[in-house]
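Structure first, then comments.
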Amino acid sequence: MPRKNLTANRRTLAHRVRYAARYPERVPRYLARAGRDAWLRLRHPDHVDYYRAVMRHDTAASPEAAVGSKSHERWLALGALQFDYLTGHGLRPEDHLLEIGCGNLRGGWRFIEYLDPGHYYGLDISPQETLVRRHLQEKLPRLTPVRDLTLAFLPEAHFRVVHAHSVFSHSPIEVVEECLAHVGRVLRPDGWFDFTFDRTEREEHHVLREDFYYRTETLVALAEKYGFTAEFMDDWEALPHGQSKLRIRPRSPRPAPTADRDGSAGPGEVAGQPAV
């Protein structure tokens, strides 16, 4: 994995000219993306609608490339990276896991296989098919298409782990804030929320409306605004992935609500809700 460039402003003309001179073979693809970006922004002013159209276009060409994997082997490797990291940090089979931006279940199918039946809940802007190919229907995952991150339909204090991989790297700050403003309601008091982001140490910027670069302190301050403490995950930084990771926790943990080991839900929980 190439070392992260934390000082470049990829939006400036100077950077784009230098990049084009260094990688002339990539220029046609960038121009095609720029043309698509202009057309889709005109048709879809709302960012979620815009990015849904982007993913629909990319998925038609290659479902695995659409989520940032250049090959099936890389798709498997990135999924394993996410799975190994969370299980290494204490994710247990009896935990309820919410994955925001589950995509084509690159990591999700491993979590579904590992967790107790009914304990995986995946949200995305489009439905998925990987669980059928992996024969995971009996694990009863819940997959829900969404158009915002208010999480209003999910039960309070239900998930011990919330996970968002390569979501905020494609989200403007108002979408990031919407998620942080609401995720605390569904997170258990003893739980945590891991999310990756594209990091810069200089000016925050975006490329087209697809790739967003944030300073760590911006996201830490936003998390603190909504009652969390934030930890920069140095051990993730050493792994072969181009993004950085923050872990946020409720600022004042309370005793966690009890749950049956067999996955039966308490009052207000979602065990009876059918998968979408």
Side-chain angles (χ1 to χ4, degrees), residues 4 6 81-102 107 111 115 119-123 146 148-204 212-239 241-259 266 268-269:
K4 299 175 185 177
L6 301 177
L81 195 71
Q82 298 172 50
F83 176 80
D84 292 344
Y85 190 83
L86 286 190
T87 54
H89 278 252
L91 178 68
R92 307 179 301 241
E94 64 267 26
D95 289 331
H96 289 86
L97 169 69
L98 171 64
E99 183 171 23
I100 299 173
C102 59
F111 294 123
L115 294 169
H119 283 216
Y120 175 90
Y121 209 128
L123 305 182
V146 296
D148 61 44
L149 292 178
T150 61
L151 312 176
F153 63 96
L154 294 174
E156 185 172 346
H158 186 70
F159 299 99
R160 195 173 82 91
V161 181
V162 180
H163 169 61
H165 185 90
S166 275
V167 175
F168 292 172
S169 54
H170 301 301
S171 302
I173 196 66
E174 59 268 21
V175 173
V176 177
E177 181 164 10
E178 179 180 73
C179 182
L180 295 180
H182 293 92
V183 71
R185 187 188 65 81
V186 304
L187 191 64
R188 282 171 42 148
D190 63 337
W192 75 86
F193 175 24
D194 274 16
F195 59 83
T196 64
F197 65 103
D198 279 326
R199 180 161 64 100
T200 180
E201 293 181 348
R202 293 191 178 177
E203 182 180 357
E204 296 179 335
F212 292 78
Y213 294 81
Y214 294 111
R215 291 189 296 272
T216 302
E217 53 266 32
T218 295
L219 300 180
V220 168
L222 202 55
E224 291 175 346
K225 175 182 176 180
Y226 291 103
F228 296 100
T229 60
E231 178 185 3
F232 185 82
M233 305 306 289
D234 290 303
D235 57 348
W236 172 267
E237 201 76 0
L239 298 176
H241 192 280
Q243 295 181 6
S244 296
K245 183 187 284 280
L246 281 178
R247 173 169 296 168
I248 65 174
R249 301 177 184 270
R251 188 175 289 130
S252 300
R254 307 182 305 276
T258 59
E269 295 189 15

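For the atom pair CD of Glu231 and NZ of Lys245, the computed distance is 11.5 Å after rounding to the nearest 0.5 Å.
Side-chain polar atoms of Gln82 and His163 form a donor-acceptor pair below 3.5 angstrom.
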- Message: Under the criterion side chain to side chain contact (heavy atoms under 4.5 Å, CB included), I'd like the reasoning laid out for Thr229 against Arg249: C-alpha separation, chi angles, the key distance, then a yes or no.
- Response: CA-CA 5 Å; Thr229 60; Arg249 301 177 184 270; 4.1 Å; yes
- Message: Could you go through Val161 and Asp194, starting from their C-alpha distance and side-chain angles, then the distance that decides it, and tell me whether this counts as side chain to side chain contact (heavy atoms under 4.5 Å, CB included)?
- Response: CA-CA 8 Å; Val161 181; Asp194 274 16; over 6 Å; no
- Item | Criterion side chain to side chain contact (heavy atoms under 4.5 Å, CB included) on Leu98 and Leu154, from CA distance to verdict | CA-CA 10 Å; Leu98 171 64; Leu154 294 174; 3.9 Å; yes
- Message: Evaluate Asp235 against His89 for side chain to side chain donor-acceptor pair (under 3.5 Å), listing each step before the verdict.
- Response: CA-CA 11 Å; Asp235 57 348; His89 278 252; 2.7 Å; yes
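At least one donor-acceptor pair under 3.5 Å links the side chain of Tyr214 to the backbone N or O of Ile173.
Phe195 is linked by a ring-ring contact (aromatic ring centres under 6.0 Å, His included) to Phe168, Phe193, counting only residues two or more places apart in sequence or in another chain. For the ring-ring contact (aromatic ring centres under 6.0 Å, His included) test, no residue two or more places apart in sequence or in another chain qualifies with Phe228. When the ring-ring contact (aromatic ring centres under 6.0 Å, His included) test is applied to His182, no partner is found at least two apart in sequence or on another chain. Residues meeting the side-chain hydrogen bond (donor to acceptor under 3.5 Å, both in side chains) test with Thr196, sequence neighbours left out: Gln243. In this view, Glu203 and Asn9 satisfy the side-chain contact (heavy atoms from CB on, under 4.5 Å) rule, not counting sequence neighbours. Partners of Asp84 according to the side-chain hydrogen bond (donor to acceptor under 3.5 Å, both in side chains) rule, which considers only residues two or more places apart in sequence or in another chain, do not exist here. Listed by chain and residue number, His47, His206 satisfy the ring-ring contact (aromatic ring centres under 6.0 Å, His included) test with Phe212 (two or more places apart in sequence, or in another chain). Residues passing the side-chain hydrogen bond (donor to acceptor under 3.5 Å, both in side chains) test with Thr150, sequence neighbours excluded: Asp148. In this structure Arg199 satisfies the side-chain contact (heavy atoms from CB on, under 4.5 Å) test together with Leu6, Phe197, Glu201, Thr216, Phe232, Glu237, Ser244, sequence neighbours excluded. Annotation: side-chain hydrogen bond (donor to acceptor under 3.5 Å, both in side chains) contacts of Glu178 (sequence neighbours excluded): none.
The shortest distance between side-chain heavy atoms of Leu123 and Cys102 does not fall below 4.5 Å. Put simply, the side chain of Trp192 does not reach to within 4.5 Å of the side chain of Val162, judged on heavy atoms. The closest side-chain heavy-atom distance from Phe83 to Leu91 is not below 4.5 Å.
For residues 214-228, every residue pair satisfying the salt bridge (Lys or Arg N to Asp or Glu O under 4.0 Å) rule, not counting sequence neighbours, is listed here: Glu177-Lys225, Arg215-Glu217. Pairs engaging residues 159-175 under the salt bridge (Lys or Arg N to Asp or Glu O under 4.0 Å) rule: Asp95-Arg160 [sequence neighbours left out].
More than 12 heavy atoms of other shown residues, nucleotides or ligands fall within 6.0 angstrom of atom CZ in Arg185.
Taking the centre of each ring, His96 and Tyr120 stay at or above the 6.0 Å mark.
Summarising the geometry of Pro250 relative to Arg188, their closest heavy-atom pair is CG-O, 3.9 Å, with the distance given to 0.1 Å. Contact detail for Ile248 and Ala223: the closest heavy-atom pair is CG2-CB, 3.8 Å. A pairwise comparison of heavy atoms in Ser171 and Val167 identifies OG-O, 2.7 Å as the closest pair. For the pair Leu97 and Phe159, the tightest heavy-atom approach, listed with the atom from each and the gap, is C-CD2, 3.6 Å.
Between His165 and Trp236, the ring-plane angle classifies as perpendicular under the 30° and 60° cut-offs.
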